[in-house]
Amino acid sequence: MTPADLSRTVLHAVRRAVDENALRAPVPARVRVERTRPGGSGDYACAVALQLAGPAEMPALEVARILRERVAAEPGIGRVEITGPGFLSFTLDAPSDSDLGVLHAVREQGIAYGHGGALRDEILQFHHAREVRAAVTAHAVRRLLVSQGARVRISCDEAGDPEWSRLGVTVDAYGTPPVPLPRIRPVPAGTTAGELLERLGADAVRWGLLRPAGHDRAPLGDDLLVQGEANPLFRVRYAHARARALTRGAAALGFTSEPGDSLEPVAHEGADPTAHKGAALAPYESAYAAHTGAEPLAHAAATPSPHPDPPARPLLDLLADHPGVLLAAARHRAPDRVARQLEAVAHAFFDFHDSCPPLPSGDEKPSAAHRSRLALAEAAGTVLAGGLSLLGISAPAHL
């Protein structure tokens, strides 16, 4: 169960309680669930009972009890607790199934993972000044909103800079709108698109303009071109390129992350072609057959475990949170949230990659553990590519 699934489950419980007349309150449009903070109880927490207590004219604790009995019986929910003044804390059942669901969703949806229809009923119009940062930000905001189902129109004070097309920026109309429109107005860049493009190139310009929050000045120095760990743009793109390199390396060794992969490595000269087959793989294959996505992560030398390698946890959590980040970025007109999410994914990817190598080394043969690790690495690469695409930035397979 992903965070989005849990949110829908809680919302469904609210609707049931209202329909059954156990709760007299308006059903909210959505329910927000968040990962439990350090020291808290369960995997996720939700304040919906406190939100509904006033309209329902009931104590929040009583609202929480009404919702708890309806949520606890849902598939995928292991335990529901009431904490504090009326918070609901959820412990998910079979966490590996939740992880599998995330990896399966990324595999199925590709770079569109996290796109949805939450804003499909919205028709929006925005206006911006004839200024490069405002134009690039408005274009990124439109991409985010469209990814969540909205229809968006963008207009500009006056005819746009011809150089904007090199940044992928398009504008639907120019001139003063007949009625006041919401404006996209980040702190101006203080220079022109042409000057920035000549010095930095399109990808670095877009990252430099979009990474800071709109109310902050955009640092546009030459450090955006540094090919090193200190440059967040390079780190994000390198993480994507590394994930793609892992796929190529696995193919050269004769295995993939795809379901049903036989895990029969390419025979090397002098190697026993029957090694690492048969009974040694049976536990892995039988466990894998029980699932429809990539299998739970496990140490290469151990029997399959329903729990992932500990270093994988932060990366899995970030991938699960990605749809919620995109929706929040769209709602708040904040592409900088996507950039920060990508930085976090890249950081977690390298931590996982270094602690749990997805490819065998030396004489080690590919195992089910390598395949499951590869599946997670590939999912991270896909999320990075999708996020960069929404920001209008390329994600090269080689870097």
Side-chain angles (χ1 to χ4, degrees), residues 1-23 25 27-53 56 58-106 287 290-298 302-325 327-328 348 372 376:
M1 178 176 289
T2 66
D5 294 331
L6 179 56
S7 176
R8 286 190 290 269
T9 297
V10 177
L11 184 58
H12 178 64
V14 174
R15 288 199 184 100
R16 283 178 52 204
V18 171
D19 291 343
E20 295 166 5
N21 210 30
L23 192 64
V27 178
R30 62 184 184 277
V31 169
R32 182 178 182 182
V33 298
E34 296 180 323
R35 292 201 175 275
T36 304
R37 295 176 183 178
S41 176
D43 300 317
Y44 294 92
C46 176
V48 67
L50 283 77
Q51 176 186 344
L52 296 175
M58 298 172 65
L61 286 171
E62 180 62 25
V63 175
R65 282 192 284 269
I66 291 171
L67 298 179
R68 178 178 62 180
E69 65 184 41
R70 287 165 173 79
V71 175
E74 293 294 326
I77 304 293
R79 185 173 69 255
V80 183
E81 299 172 90
I82 299 174
T83 59
F87 291 99
L88 289 169
S89 297
F90 309 97
T91 299
L92 301 185
D93 193 16
S96 63
D97 289 344
S98 174
D99 298 338
L100 286 167
V102 171
L103 296 182
H104 180 70
V106 177
H291 303 290
T292 58
E295 70 185 272
L297 302 175
T303 56
S305 166
H307 303 288
D309 290 313
R313 186 75 267 153
L315 181 55
L316 282 162
D317 288 346
L318 285 165
L319 299 187
D321 290 344
H322 187 69
V325 171
L327 179 57
S372 58
L376 178 53

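The first residue in the sequence is number 1, and the count goes up from there.
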Rounded to the nearest 0.5 Å, what separates atom [atom1] in [X] from atom [atom2] in [Y]?
{"X": "Asp317", "Y": "Asp99", "atom1": "CG", "atom2": "CG", "result": "7.5 Å"}
{"X": "Leu61", "Y": "Ile82", "atom1": "CG", "atom2": "CD1", "result": "6.5 Å"}
{"X": "Leu52", "Y": "Leu23", "atom1": "CG", "atom2": "CG", "result": "6.0 Å"}
{"X": "Arg68", "Y": "Ile77", "atom1": "CZ", "atom2": "CD1", "result": "13.5 Å"}

- By salt bridge (charged side-chain N to carboxylate O under 4.0 Å, His left out), which residues pair with Arg65, not counting sequence neighbours?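 Salt bridge (charged side-chain N to carboxylate O under 4.0 Å, His left out) check on Arg65 returns Glu62.
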What is the minimum heavy-atom distance between [X] and [Y], and which atoms define it?
{"X": "Ala64", "Y": "Gly86", "result": "CB-O, 3.7 Å"}
{"X": "Leu11", "Y": "Ala29", "result": "CD2-O, 3.8 Å"}
{"X": "Arg70", "Y": "Arg16", "result": "O-NH1, 3.4 Å"}
{"X": "Val63", "Y": "Ala49", "result": "CG1-CA, 3.7 Å"}
{"X": "Gly42", "Y": "Thr91", "result": "CA-OG1, 3.3 Å"}
{"X": "Leu50", "Y": "Pro85", "result": "CD2-CG, 4.0 Å"}

- Item | side chain to side chain contact (heavy atoms under 4.5 Å, CB included) between Gln51 and Arg32, worked out | CA-CA 11 Å; Gln51 176 186 344; Arg32 182 178 182 182; over 6 Å; no
- Task: Could you pull out all residues at least two apart from Leu318 that satisfy side-chain contact (heavy atoms from CB on, under 4.5 Å)?
- Result: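 Applying side-chain contact (heavy atoms from CB on, under 4.5 Å) to Leu318 gives Gln341, Ala344, Val345, Ala348.
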- Would one find more than 12 heavy atoms of other residues, nucleotides or ligands at under 6.0 Å from atom CZ of Arg35? yes
- Result for side chain to side chain contact (heavy atoms under 4.5 Å, CB included) between Leu88 and one of Val71, Val33, Leu67 points to Leu67
- Item | Test side chain to side chain contact (heavy atoms under 4.5 Å, CB included) applied to Leu103 and Leu316, step by step | CA-CA 8 Å; Leu103 296 182; Leu316 282 162; 4.3 Å; yes
- Query: Do Phe90 and Thr9 pass the side chain to side chain contact (heavy atoms under 4.5 Å, CB included) test, and can you show the C-alpha distance, the side-chain angles, and the key distance before you say yes or no?
  - Reply: CA-CA 11 Å; Phe90 309 97; Thr9 297; over 6 Å; no
- Any chance you could lay out the side chain to side chain contact (heavy atoms under 4.5 Å, CB included) test for Val106 and His322, step after step, and finish with the verdict? CA-CA 10 Å; Val106 177; His322 187 69; over 6 Å; no
